[in-house]
Structure formats: structure tokens, C-alpha cells
Amino acid sequence: MKLSLIIPCYNEAEALPLFRNCLLEVRPRLAVDELELVFVDDGSRDGTLDVLKGFHAEDPQWRYLSFSRNFGKESAIFAGLRHATGDVVGLMDADLQDPPSLLPEMLAALREEGYDIAATRRSTRKGEPVVRSFFARRFYRFINRISTTKLVDGARDFRLMKRPVVDAILRLTEYNRFSKGIFEWVGFKTKWFSYENIERSAGTTKWSLWKLLKYSIEGITAFSTVPLMLAVYTGLLFSLIAILIITGLVIRHFIDPASAVQGWVSLTSIMTLLGGIQLVCIGLLGQYLAKTYLEVKNRPIYIIAAKSGDER
Ligand code: UDP
Ligand code: MG
């Protein structure tokens, strides 16, 4: 059996040597005939590519792809999946937050217990900024309420998949990629492994709160059209309220005609509110339109500038 591991790397020159040592330590316990590594350098600006070239020179099975610029982790995952040749394919971060020591157990689930996917989730969010945990929790609650594709709270991208699962994922060639959703969407028999949150080995996180917010909106609009219906419901609700108010005003006009000139403040406030709601709804529509626009353009998900084997 051949195992491929995909490692997206963005400015990970510091973390990569530690990752390599840790993996080599676990290697004998994996009991696979072949181990292939596909490092995807996602437009790093530090010495990541040089480190990867060094790995490849040492062991030709440690391959790399290097993007022409930073395309994001989602694109890196997709490129890795396309280039991996193993019977079982895994995804791991370069910073050792996904412990390689869990690999033997995960492999056993696929080989002996008949599962198609061995996935992982964090049992705690220890060591993570409080604000980040708070918003992450809210996000999972919200998306699971409005989307038919259910996401597991704390699920990581760290996972092993059999070849049919990988081929299924590769058939989803959408430009706006939200892997957590895509992985769930394709289905298959999954065994979940939990582990405590581990702090990054070296280097810094590539995710700011702002990046995460954009990512969560991406996730919601990629897997649910419920927000569009929300616009319709709010519209209906406010139309109903307006009809009631107008009826009331007409009745009042007949009872007390002098009262008609009052109400300038209430009128402007209601207009502002409605204007606000309309803008939000248009913005929402715009989000979906923008996605459609990008999909229709059919742009490549990544561009490779260099890859292992080129030097020969
Ligand atoms: N990563 C990437 N492209 C990016 C951002 C991140 O390939 O634009 C990689 C990064 O090198 C790491 C993994 O994705 O291997 C997870 O990133 P990070 O550890 O910064 O995220 P966190 O663990 O803090 O969520
Ligand atoms: Mg990390």
C-alpha cells in the first residue's frame, strides 16, 4: 500500500525541519510499502522552497509543488490531492498541530476496520484566543442550522482518505473551495479521532480574525442558499408591518383628521431602517452573484511555478 501525505506550506521554513524529524520517527510504525510526501509551497516568501528542495534531494519520494503566488490553503489542498498518487491520501499541517503520532491508529481504521476516511477533531480549543473560539463556536452553530451539509465543530483538515474518496473530491472543481464542507458533502464512512489542541511548533499562524471571518462567510454562502430566503422573509415581514401601519393611519385619519401632519421622525426612522435592510439584502445577493461570476470565469484554482522533478 502506498500512502501520500499532502502538506500545504505558507512561510513554514522554521517548522518544516521539525515536521520532518517527527515524521521520520513515526515512519517505521506506519507499515506502508511506500510513503510519498507532497509539499505544496503556497507562494511562501521565506526559505520554504529551498527547504523543500533539500528534502527532495535527500529523498525523491518527498515531492513538492510551488505556486506562483499565495493562492490559499484551499487551493494548496486541491493541488496536493491532484498530484498525490497513493492508495491512501492524507492531509496535514506543517506546524505539527496535526500530530504524526496519530497516523498509525488512523491507518488501522482504514485497513482493518473498513472505514473510508479517518478524520480528526479537536476535543478542546485550549491555547486558542478566546475571541476566536467564541466566533468559531457561533459559526458552527449557525452553519449547521441553515445548511444540509453538517459540519463537525472543531474538525481539522488532518485526515486520511482512501482513493475513491479522493477521486470524489477531485470531481468538485469549484473555484470557491470550502474544504470542510466539501469533505462532508462527498460522504463515505468516517471514523473520528479526537485530540487536545496542540500549540504551533514554530513560526506564526497565517489566520487573522478578519481572514477567518471572510472564510466563514465563504463557508456559509458556498453550502447554503438559506441567507437568500432570509432576505425574502424579512421583506415579507416588513411589508406586513407596513400594511398594518397604513391601515391604522387611514382609520385614524377618519377619526381625527388633524393628526395627519405629525410623525416626521417616525417616518424617517422607518425609512432608514427599511433602506438598511434593503442594502443588506442587495449585498447578500451580491455575494452569491460574485460567486457565480467567479465560477463562470472558470479560472484555474492554482498556478504551479515549479515542482520537484523540474530540475532534471
Ligand atoms: N497555509 C497555506 N496557505 C495559506 C495559509 C496557510 O498553505 O495561505 C498552510 C500553513 O502553512 C499550515 C496550514 O495551512 O501548514 C495551517 O495554517 P496555520 O497553522 O497558520 O493555521 P492554524 O493552525 O492557526 O489554523
Ligand atoms: Mg496551525
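What's counted below: heavy atoms across the whole structure, side chains too, no hydrogens, waters or symmetry copies. Order of listing sets the numbers, starting from 1, for every ligand and every atom in it.
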Self-check item: Interfacing atoms of ligand 1 (cut-off 4.0 Å, heavy-atom, Asp95)
Solution: 19 (O), 23 (O)

Quiz item: Which residue holds the protein heavy atom closest to atom 25 (O) of ligand 1, what is that atom called, and what is the gap in Å?
Solution: Arg132 NH2, 3.3 Å

Self-check item: Contacts of Ala306 that satisfy side chain to side chain contact (heavy atoms under 4.5 Å, CB included) - sequence neighbours left out
Solution: Ser66, Asp310

Self-check item: Identity and separation of the nearest protein heavy atom to atom 24 (O) of ligand 1
Solution: Thr205 OG1, 2.6 Å

Quiz item: Does the pair Arg163/Asp167 count as a salt bridge with the N-to-O cut at 4.0 Å?
Solution: yes

Quiz item: Which residue and non-hydrogen atom of the protein lie closest to atom 18 (P) of ligand 1, and at what distance in Å?
Solution: Arg200 NH2, 3.4 Å

Quiz item: Going by distance only, is there an N or O of Gly72 that falls short of 3.5 Å from an N or O of ligand 1?
Solution: no

Exercise. Report the C-alpha separation of Glu58 and Arg20 in whole Å, then their side-chain angles, then the decisive distance to 0.1 Å, and conclude whether the salt bridge (Lys or Arg N to Asp or Glu O under 4.0 Å) test is met.
Key: CA-CA 12 Å; Glu58 219 168 275; Arg20 174 181 172 275; 2.4 Å; yes

Quiz item: Taking the six-membered ring for Trp, are the ring centroids of Tyr215 and Phe178 within less than 6.0 Å of each other?
Solution: yes

Exercise. Determine whether the side chain, the backbone, both or neither of Asn70 has a heavy atom under 4.0 Å from any heavy atom of ligand 1.
Key: side chain

Exercise. Just need the protein heavy atom nearest to atom 21 (O) of ligand 1, so name the residue and atom and give the distance.
Key: Trp207 CD1, 3.0 Å

Quiz item: What are the protein N/O/S atoms, named by residue and atom, that sit under 2.8 Å from the Mg ion (ligand 2)?
Solution: Asp95 OD2, Gln97 OE1

Practice problem: Establish, from distance only, whether the side-chain atoms of Ser44 and Glu12 form a donor-acceptor pair under 3.5 Å. | Solution: no

Self-check item: For Glu12, the ligand 1 atoms whose distance to one of its heavy atoms is below 4.0 Å
Solution: 10 (C), 11 (O), 12 (C), 15 (O)

Quiz prompt | Distance filter under 4.0 Å to Gln97 heavy atoms, resulting ligand 1 atoms | solution = 19 (O), 22 (P), 23 (O)

Quiz item: Which of the atoms of ligand 1 are close to Asp42, meaning less than 4.0 Å from one of its heavy atoms?
Solution: 2 (C), 3 (N), 4 (C), 7 (O), 8 (O)

Quiz item: So, do Phe55 and Tyr64 have ring centers that fall under 6.0 Å from each other?
Solution: no

Exercise. Output, in order, the C-alpha distance, side-chain angles, deciding distance and verdict of side-chain contact (heavy atoms from CB on, under 4.5 Å) for Arg111 and Met1.
Key: CA-CA 10 Å; Arg111 284 199 284 213; Met1 196 207 77; 4.0 Å; yes

Exercise. Run through Asp33, Asp87, Thr85 and flag the one making a side-chain hydrogen bond (donor to acceptor under 3.5 Å, both in side chains) with Lys2.
Key: Thr85

Quiz item: Within 45° of the ring axis of Phe139 and under 6.0 Å from its six-membered ring centre, is that where the NZ or CZ of Arg141 lies?
Solution: no

Exercise. May I ask you to check whether Glu74 and Ser179 show a side-chain donor-acceptor distance below 3.5 Å?
Key: yes

Quiz item: For atom 9 (C) of ligand 1, what's the nearest protein heavy atom and its distance?
Solution: Pro8 O, 3.6 Å

Practice problem: Using distance alone, decide if ligand 1 has a nitrogen or oxygen within less than 3.5 Å of any nitrogen or oxygen in Ala94. | Solution: yes

Exercise. Starting from atom 14 (O) of ligand 1, locate the nearest protein heavy atom and write down its residue, its atom name and how far away it is, to 0.1 Å.
Key: Lys73 CD, 3.2 Å

Practice problem: With side-chain contact (heavy atoms from CB on, under 4.5 Å) as the test, would you mind laying out the steps for Val38 and Val89 before giving the verdict? | Solution: CA-CA 10 Å; Val38 183; Val89 179; over 6 Å; no

Exercise. With heavy atoms under 4.0 Å as the rule, classify the contact between Cys9 and ligand 1 as side chain, backbone, both or neither.
Key: backbone

Quiz item: How far is atom 5 (C) of ligand 1 from its nearest protein heavy atom, and which residue and atom is that?
Solution: Lys206 CB, 3.6 Å

Quiz item: Are Tyr302 and Phe67 close enough that their ring centres sit under 6.0 Å apart?
Solution: yes

Quiz item: Between Arg45 and Tyr10, is any side-chain donor less than 3.5 angstrom from a side-chain acceptor?
Solution: yes

